[in-house]
Amino acid sequence: LHGKSRFQPVIPRAIALGRLSSLPETRPTLDPHGAFLLIHRIAIAGYRSIRSLTVRLGELTVVTGPNGSGKTNLYRSLRLIASAANGNLNQSLAEEGGFESVLWAGPETIPNEMKRGEVPVQGTLRRKPIALKLAFSADPMSYCIDLGRPVPSNSMFDADPEIKRECIWTGPTPDARSLCVDRKGANLRCRSGKGKWQEIDLHLSRGTSLMTEYADPFAAPEIIVMKEQLRGWRFYDTFRCDSHAPARLPSPQTFTPVMANDGSNLAAALQTIREIGDSHIVEQAIEEAFPGSQLHVQSGESGMQVVLTQPGMLRGLTARELSDGTLRYLLLLAALFSPRPPELLVLNEPETSLHPDLIGPLANMICRAAERSQVIVVSHNQHLVVQLERDDICVPVRLNKETGETIVEGTDLLSQHGWKWPAR
C-alpha cells in the first residue's frame with residue numbers, strides 16, 4: 001500500500017537502476033556480451049597478510065602465486081563482503097578466529113629500509129586507527145565497509161567489530177559528489193532524487209550492515225540493488241569428494257537452478273541444466289573430459305542420482321562409485337553451467353584432485369562460463385593458469401609476499417591511482 005491506501009507495485013531492479021539518473025551522470029555499463037555488470041577492482045586494507053591492496057579485475061580474472069602469498073586471503077575477503085549483505089558478517093569473522101585474529105599483524109607502514117632488510121621489521125608510530133576495510137568498484141554502483149574496534153563497554157560482545165563507515169556510490173571512486181548512501185557509525189543518510197541528503201530516522205546496530213537494517217525502494221533503491229547484487233555472488237571452495245561426501249548421496253527430486261556449495265543437490269542441478277539450460281554444453285563438456293561416456297540422471301525412491309556410463313562397461317557408475325576427480329569435475333560442471341548464472345562466480349583451487357588430462361576441459365568450461373558471468377579463479381596450478389590466460393578476456397593477477405605483506409607483482413603506485421578510502 002502506498003499513499004491513500006492505493007496499491008503500489010514493488011520497484012523492480014531496472015527502475016532502481018534508472019533512479020540513479022538523478023545522481024551524478026553515471027549510467028550502468030554492461031560488458032561486451034551485454035549479460036552482466038562488471039566489477040572493475042577490489043580494494044582490501046588491514047586483512048591478514050594484506051596491508052593495503054587494490055586489484056583490477058576483468059571478465060575472467062586468474063589469481064595465482066606461491067603458497068602463502070595471500071591467495072586464500074583474497075578469496076576470503078570477497079566472501080566477507082558478500083556476508084555483509086547476508087547479515088552474517090560478525091559470524092563469518094568469528095569463524096575465522098575473531099576480529100583481532102584477522103587484522104593485519106605487521107607495522108602500519110613499511111619503510112624502504114625494512115623492505116631492503118637494512119633494519120629489522122618492527123612496529124612504527126601508528127597514525128591511523130586500526131581498521132579492516134573492504135570495497136569494490138563497479139558499474140553502476142560501488143560499495144565499501146570500514147570495520148574497527150568498538151568503544152569499550154561492559155558487554156561480553158566487545159570482541160565483535162563496529163562498522164565505522166559504510167558507503168554506496170556511483171562512479172569509480174567515493175567522493176562527496178558520487179556518494180548516494182552514507183553511513184557513519186549508527187547514523188545513515190541517503191541522497192534524494194533531487195540530489196539533497198535526507199537523514200534516515202534509524203539507529204543502526206553497530207555490527208550489522210545497512211543492507212540488512214534498512215530497505216526503502218523509494219528513498220534508497222540503491223541499497224536494495226546493492227544487496228541483490230551481493231547476495232547473488234557465488235563461491236565454490238574445495239568440494240568434498242570423500243566416501244561420505246554429500247555429492248555422493250541421492251539428491252532431493254526438486255527443481256534446482258543453483259547447486260549448493262557442498263554439492264548435495266548435484267543430480268538435481270545437472271538435470272535442471274539439461275531441462276532448462278544448455279544441455280549441448282553439458283554433453284560437450286563430458287565428451288571432452290571422458291570420451292565416449294554419457295551422463296544420466298536416474299530417479300528412485302531415495303531421490304535422484306548421477307550415473308556415468310563409460311565405454312566397455314556393462315552398467316553405469318553412480319556417484320558413490322566415481323573417482324574423486326571425476327566427481328569433482330561433475331560438481332564444477334554443475335556450478336559453471338547453472339541456468340541461472342550469477343553476476344560474480346568465484347572458484348577457489350578448482351583443480352584439486354583433478355587428473356592433468358582434465359585441466360584442459362576444465363579451462364574450457366571456465367572460459368564458457370565467463371561469457372555469462374564475471375569469473376574469478378584462484379589457483380596455483382600452472383597448467384590451468386596457462387590455459388586460462390590464453391583467453392583474450394583473461395586478466396592475470398600474480399600475488400607474492402614482500403616483508404610479510406601480500407603484493408601484486410608488476411604493480412606500482414600508479415596502478416593504484418584513483419582509489420581513496422572514505423574517511424571516518
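The model shown is predicted, which means the values in this text are computed figures rather than measured ones.
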- Query: Side chains of Leu204 and Thr208: does their closest heavy-atom pair fall under 4.5 Å?
  - Reply: no
- Heavy-atom side-chain contact between Leu330 and Leu322 under 4.5 Å: yes
- Derivation of the side chain to side chain contact (heavy atoms under 4.5 Å, CB included) call for Thr72 and Val378: CA-CA 8 Å; Thr72 301; Val378 180; 5.9 Å; no
- Message: Measuring from atom CD1 of Ile81 to atom CG of Asn86, what distance do you get when rounded to the nearest 0.5 angstrom?
- Response: 12.5 Å
- Could you go step by step and tell me if Leu354 and Asn381 meet the side chain to side chain contact (heavy atoms under 4.5 Å, CB included) rule? CA-CA 11 Å; Leu354 290 186; Asn381 185 291; over 6 Å; no
- Residues passing the side-chain contact (heavy atoms from CB on, under 4.5 Å) test with Arg320, sequence neighbours excluded, are Arg248, Leu249, Thr318
- Indicate yes or no for a side-chain donor-acceptor contact from Lys71 to the backbone of Leu399 under 3.5 Å, with no hydrogens or angles considered. no
- Item | Worked verdict on Phe337 versus Asp278 for side chain to side chain contact (heavy atoms under 4.5 Å, CB included) | CA-CA 8 Å; Phe337 294 151; Asp278 194 336; over 6 Å; no
- Whether Ser379 side chain and Thr64 backbone form a donor-acceptor pair below 3.5 Å: no
- Could you label the plane-to-plane angle of the Phe239 and Tyr236 rings as parallel, tilted or perpendicular, counting under 30° as parallel and over 60° as perpendicular? tilted
- Set of salt bridge (Lys or Arg N to Asp or Glu O under 4.0 Å) partners for Asp242, sequence neighbours left out: Arg240
- From Thr309 atom OG1 to Arg315 atom CZ, the distance as rounded to the nearest 0.5 Å: 12.0 Å
- Query: Are any side-chain N or O atoms of Asp391 and backbone N or O atoms of Cys394, one a donor and one an acceptor, separated by less than 3.5 Å?
  - Reply: no
- Examine distances only and state if a side-chain atom of Arg372 and a backbone atom of Leu336 form a donor-acceptor pair shorter than 3.5 Å. yes
- Note on the structure: OG of Ser69 to CZ of Arg398, rounded to nearest 0.5 Å, is 7.5 Å
- Message: Please check if the number of heavy atoms outside Lys128 that lie under 6.0 Å from its NZ is greater than 12.
- Response: no
- Query: So do Trp197 and Asp182 actually touch side chain to side chain, heavy atoms under 4.5 Å?
  - Reply: yes
- side-chain contact (heavy atoms from CB on, under 4.5 Å) against Gln310, all qualifying residues, sequence neighbours excluded: Ser293, Leu308, Met313, Leu317
- Message: Tell me which one of Asn90, Asp160, Leu93 satisfies side-chain contact (heavy atoms from CB on, under 4.5 Å) with Leu147.
- Response: Leu93
- Task: Please check if any side-chain donor atom of Asp262 sits under 3.5 Å from a side-chain acceptor atom of Ser264, or the reverse.
- Result: yes
- Task: Look up atom CD1 in Ile223 and atom OG1 in Thr212, then write down how far apart they are to the nearest 0.5 Å.
- Result: 10.5 Å
- Item | Salt bridge Arg183-Glu213, side-chain N to carboxylate O under 4.0 Å | no
- Query: Got a sec, which residues hit side-chain hydrogen bond (donor to acceptor under 3.5 Å, both in side chains) with Thr61, two or more places apart in sequence or on another chain?
  - Reply: none
- Item | Side-chain (Arg51) to main-chain (Trp104) donor-acceptor, under 3.5 angstrom | no
- Contact summary for Pro150 and Arg206, nearest pair of heavy atoms: CB-NH1, 3.5 Å
Using atom types as modelled, flag every donor-acceptor pair under 3.5 Å from a side chain in residues 265-274 to any protein atom, sequence neighbours excluded.
unit_1, atom_1, unit_2, atom_2, d
Asn265, OD1, Ala260, N, 2.9
Gln271, NE2, Glu275, OE2, 2.9
Thr272, OG1, Thr256, N, 3.0
Thr272, OG1, Thr256, O, 3.2
Thr272, OG1, Ala268, O, 2.7
Arg274, NH1, Leu295, O, 2.6

- Query: For the atom pair CZ (Arg76) and CG (Asn348), what is the distance rounded to the nearest 0.5 Å?
  - Reply: 9.0 Å
- Task: Please list, chain by chain and in numerical order, all residues satisfying ring pair (Phe, Tyr, Trp, His ring centres under 6.0 Å) with Trp233, sequence neighbours excluded.
- Result: Phe136
- Applying side-chain contact (heavy atoms from CB on, under 4.5 Å) between Tyr47 and each of Val102, Thr406, Leu103, report the one that passes. Val102
- side chain to side chain contact (heavy atoms under 4.5 Å, CB included) between Glu405 and Thr403, worked out: CA-CA 5 Å; Glu405 176 187 5; Thr403 323; 5.6 Å; no
- Task: Return yes if a side-chain donor-acceptor contact under 3.5 Å exists between Asp324 and Ser353, otherwise no.
- Result: no
- Message: Other residues, nucleotides and ligands only: do more than 12 of their heavy atoms fall within 6.0 Å of CZ on Arg340?
- Response: no
- Item | Residue pair Leu38 / Asp139, side-chain heavy-atom distance below 4.5 Å | no
- Just wondering, do Trp169 and Glu222 contact through their side chains at under 4.5 Å, heavy atoms? no
- Query: If you measure from CG on Leu179 to SG on Cys190, what distance do you get to the nearest 0.5 Å?
  - Reply: 11.0 Å
- Are any side-chain N or O atoms of Glu389 and backbone N or O atoms of Pro396, one a donor and one an acceptor, separated by less than 3.5 Å? no
- Message: For residues 240-275, which residue pairs pass the ring pair (Phe, Tyr, Trp, His ring centres under 6.0 Å) check, not counting sequence neighbours?
- Response: none
- Message: Does any part of the side chain of Leu89, heavy atoms only, come nearer than 4.5 Å to the side chain of Ile145, both counted from C-beta?
- Response: yes
- Message: I'd like to check Ile366 versus Gln387 (side-chain heavy atoms, cut-off strictly below 4.5 Å). Are they in contact?
- Response: no
- Task: Applying side-chain contact (heavy atoms from CB on, under 4.5 Å), name anything that partners Arg79, two or more places apart in sequence or on another chain.
- Result: Tyr75, Phe235, Asn261
- Which of Lys164, Lys184, Arg424 passes salt bridge (Lys or Arg N to Asp or Glu O under 4.0 Å) with Asp146? It is Arg424
- Task: Name all residues meeting the ring pair (Phe, Tyr, Trp, His ring centres under 6.0 Å) criterion together with Tyr214; count only those two or more places apart in sequence or in a different chain, and write none if there are none.
- Result: none
- Item | Residue list, side-chain contact (heavy atoms from CB on, under 4.5 Å) with Pro422, at least two apart or on another chain | Cys144, Arg165, Cys167, Pro174
- Taking C-beta and beyond as the side chain, do Met211 and Tyr143 meet within less than 4.5 Å on heavy atoms? yes
Show me the donor-acceptor pairs, under 3.5 Å and distance only, between side chains in residues 282-291 and residues at least two apart or in other chains.
unit_1, atom_1, unit_2, atom_2, d
Gln284, NE2, Glu288, OE2, 3.4
Glu287, OE1, Gly292, N, 3.1
Glu287, OE2, Gly292, N, 3.4
Glu288, OE1, Asn364, ND2, 3.4
Glu288, OE2, Arg368, NH2, 2.8

- Does a donor on one side chain sit under 3.5 Å from an acceptor on the other, for Ser209 and Glu166? yes
- Ser373 and Arg234: side-chain donor and acceptor closer than 3.5 Å? no
- Query: What ring pair (Phe, Tyr, Trp, His ring centres under 6.0 Å) pairs are there with at least one residue in residues 362-397, not counting sequence neighbours?
  - Reply: none
